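Presented below is the structure to which this report refers.
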Amino acid sequence: MKYSWIDIVKGIGIILVVLGHITGGYSQNLIFLVHMPLFFFISGYLFKSQCIKDYFLKKTISLLLPYFTFLVILYPFEYPYSVDTNIFKYILKPIYGGQLLNNGLIAFWFITCLFLTQQVFNLLVHKINSKKLLALIVFLFYITSYINSEIYSVFKLPWNANVVLAAIPFFYTGYLFKLKKYSINLIVILVLNIISAYIIYYQTPIAYDMKTANYGIPIISFILSTASILFIIFIAKKLQHINFISKKLKYIGRKSMIIMFLHQPIYIFLKNNFNINIILTFTMIIGFSCLFYKIFEQNIICRVLFLGSKKDLDLLRNNSKNKLN
């Protein structure tokens, strides 16, 4: 992989996601400043403009296919159907997704929001030739996200589509960071992270709770969140030279999508059935998620449905065509 540190960043990011859902208080507030913006930033960093149709199909397979597979399997367990349940609302809820999905499905909003963010940004890049106009539109997205958050907070769209307004600026920042090959000024980043820690210690609401469209303090939260992202990238680049640590983080990072889907159901199961400390809980969440990944990896159909492998889907299609011929 050209950017070997990317998997380390993903590993750190998904560890923060898990810790953010199993901890509370000060540490949780620190994590919520950075953990989801980090994934949008990295997605923007990895973004490559493609034909709109091809990009849509590619991301439908890699993101939406696993999303619906896990949703169909886990939804009845998270929201058991009873004779008193309104069947229309029961079916509509998983289709609407986004903020309506909680409990073990609490992280599912990210997948659909990421998919929509990628599609919108790819469309913008294709349709807008002016870099200045693109930057202006992204800024308008950012302003509109706060209008949604502060003035029209009741405005919620299916699949958390309204959160795309806040995700695009991070996605664009990651895209620019790679395009312009910006360097990280460690002193500035450290100072900003210390400021973040100080502000959060005094319970100032600066965190990015993107699922609920709560984006903290305008401009300030974005700057501090970006500073935390850049600090994690700096750490990841240093860790890539320490094999003992980097191998483990890369291993976790490559399985970040499965961990995103499964960490909360596993956590709820452990919490409801066992009295174990947070360290063991965290270890078991990561361990079981990786185990499921290994299981899914063994079968071509599972690789398609659970891992969103386009390569294996193409192979299945070719095999089907050969049998018909």
Side-chain angles (χ1 to χ4, degrees), residues 1 4 6-22 35-36 39 42-43 46 55-79 94-95 97 101 103-115 118 159 246-274 280-320 323:
M1 187 176 183
S4 61
I6 288 288
D7 282 331
I8 299 176
V9 172
K10 288 181 179 178
I12 295 171
I14 200 63
I15 285 171
L16 291 176
V17 169
V18 174
L19 290 175
H21 286 148
I22 68 176
H35 68 331
M36 299 322 298
F39 279 99
I42 289 300
S43 295
L46 295 174
Y55 192 67
F56 177 83
L57 291 174
K58 177 184 175 182
K59 294 303 178 180
T60 295
I61 294 166
S62 64
L63 291 175
L64 295 189
L65 188 54
Y67 170 83
F68 283 113
T69 301
F70 280 109
L71 188 61
V72 168
I73 293 171
L74 294 175
Y75 184 75
F77 292 98
E78 296 300 326
Y79 300 97
I95 294 173
L101 298 178
N103 302 328
L105 309 179
I106 198 168
F108 276 50
W109 71 269
F110 168 74
I111 306 300
T112 52
C113 186
L114 175 60
F115 173 81
Q118 291 172 332
W159 287 16
S246 65
K247 284 183 179 179
K248 289 178 173 56
L249 287 174
K250 286 178 183 178
Y251 182 83
I252 293 171
R254 293 183 187 119
K255 295 158 181 61
S256 58
M257 190 66 71
I258 293 298
I259 299 171
M260 187 75 75
F261 281 119
L262 293 179
H263 75 277
Q264 194 68 3
I266 294 172
Y267 170 59
I268 291 173
F269 175 79
L270 293 174
K271 184 180 179 181
N272 291 341
N273 294 279
F274 303 97
L280 185 55
T281 298
F282 169 79
T283 304
M284 293 179 73
I285 289 171
I286 298 296
F288 279 120
S289 297
C290 292
L291 176 61
F292 276 111
Y293 184 96
K294 294 295 290 182
I295 293 171
F296 299 148
E297 204 176 27
Q298 302 306 309
N299 180 274
I300 188 170
I301 295 176
C302 288
R303 290 198 296 271
V304 172
L305 294 177
F306 293 98
L307 305 181
S309 172
K310 186 179 184 302
K311 177 183 175 182
D312 288 305
L313 180 60
D314 291 338
L315 184 61
L316 284 175
R317 286 172 177 170
N318 291 335
N319 289 342
S320 298
K323 287 180 181 180

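Because the structure is a prediction, the values reported are computed rather than measured.
Residues Pro265 and Gly104 approach most closely at CD-O, 3.1 Å, considering heavy atoms. Across every non-hydrogen atom of Ile266 and Met284, the tightest pair is CG2-O, 4.5 Å. Taking every heavy atom of both residues into account, Phe39 and Ile14 meet most closely at CZ-N, 3.5 Å. Nearest heavy atoms, Ile61 versus Ser309: CG2-C, 4.2 Å. The two residues Asn103 and Ile268 make their nearest non-hydrogen contact at C-CD1, 3.5 Å. Smallest separation of non-hydrogen atoms from Leu313 and Val304: N-CG2, 3.5 Å.
To the nearest 0.5 Å, atom CD of residue Gln264 and atom CD1 of residue Ile22 are 9.5 Å apart. Expressed to the nearest 0.5 Å, how far CG of Leu46 lies from CD of Gln118 amounts to 9.5 Å. In this structure, CD1 on Ile42 lies 12.0 Å from CG on Leu114, to the nearest 0.5 angstrom. If you take OG1 on Thr281 and CD1 on Ile286, they are separated by 11.5 Å, rounding to the nearest 0.5 Å. Within the model, atoms CG of Leu64 and CG of Leu57 stand 11.0 Å from one another, a figure rounded to the nearest 0.5 Å.
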Query raised in the report: Yes or no on side-chain contact (heavy atoms from CB on, under 4.5 Å) for Met36 and Val17, after CA distance, side-chain angles and deciding distance?
Result: CA-CA 8 Å; Met36 299 322 298; Val17 169; 3.9 Å; yes
Requested in this report: Just do the side-chain contact (heavy atoms from CB on, under 4.5 Å) check on Leu249 and Ile15 with the steps written out, would you?
Outcome: CA-CA 9 Å; Leu249 287 174; Ile15 285 171; 3.7 Å; yes
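Listed by chain and number, the residues in a salt bridge (Lys or Arg N to Asp or Glu O under 4.0 Å) with Lys310 are Asp314 (sequence neighbours excluded). Partners of Tyr267 according to the ring-ring contact (aromatic ring centres under 6.0 Å, His included) rule, which considers only residues two or more places apart in sequence or in another chain, do not exist here. Taking His263 as the reference, His21 meet the side chain to side chain donor-acceptor pair (under 3.5 Å) condition, with sequence neighbours excluded.
Taking 4.5 Å as the limit, every side-chain heavy atom of Glu78 sits out of range of all side-chain heavy atoms of Phe108. Looking at heavy atoms from C-beta onward, Leu19 lies in side-chain contact with Phe282 at the 4.5 angstrom threshold.
Shown here is Tyr79, whose OH atom has more than 12 heavy atoms of other residues, nucleotides or ligands within 6.0 Å. For CG of Leu315, the number of neighbouring non-hydrogen atoms (other residues, nucleotides, ligands) closer than 6.0 Å is greater than 12.
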Using residues 67-75 as the side-chain source, report each donor-acceptor pair under 3.5 Å to any protein atom, sequence neighbours left out, with the distance given to one decimal.
{"residue": "Thr69", "atom": "OG1", "partner": "Leu65", "partner atom": "O", "Å": "2.8"}
{"residue": "Thr69", "atom": "OG1", "partner": "Leu305", "partner atom": "O", "Å": "3.0"}
{"residue": "Tyr75", "atom": "OH", "partner": "Tyr90", "partner atom": "O", "Å": "2.8"}

Side-chain donor-acceptor contacts of residues 253-261 below 3.5 Å, not counting sequence neighbours, with atom names and distances?
{"residue": "Arg254", "atom": "NE", "partner": "Asp7", "partner atom": "OD2", "Å": "3.1"}
{"residue": "Ser256", "atom": "OG", "partner": "Gly253", "partner atom": "O", "Å": "3.0"}

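A donor-acceptor contact shorter than 3.5 Å is absent between the side chain of Trp159 and the backbone of Phe110.
Judged as a side-chain hydrogen bond (donor to acceptor under 3.5 Å, both in side chains), the pairs with a partner in residues 291-306 (not counting sequence neighbours) are, in order, Arg303-Asp312.
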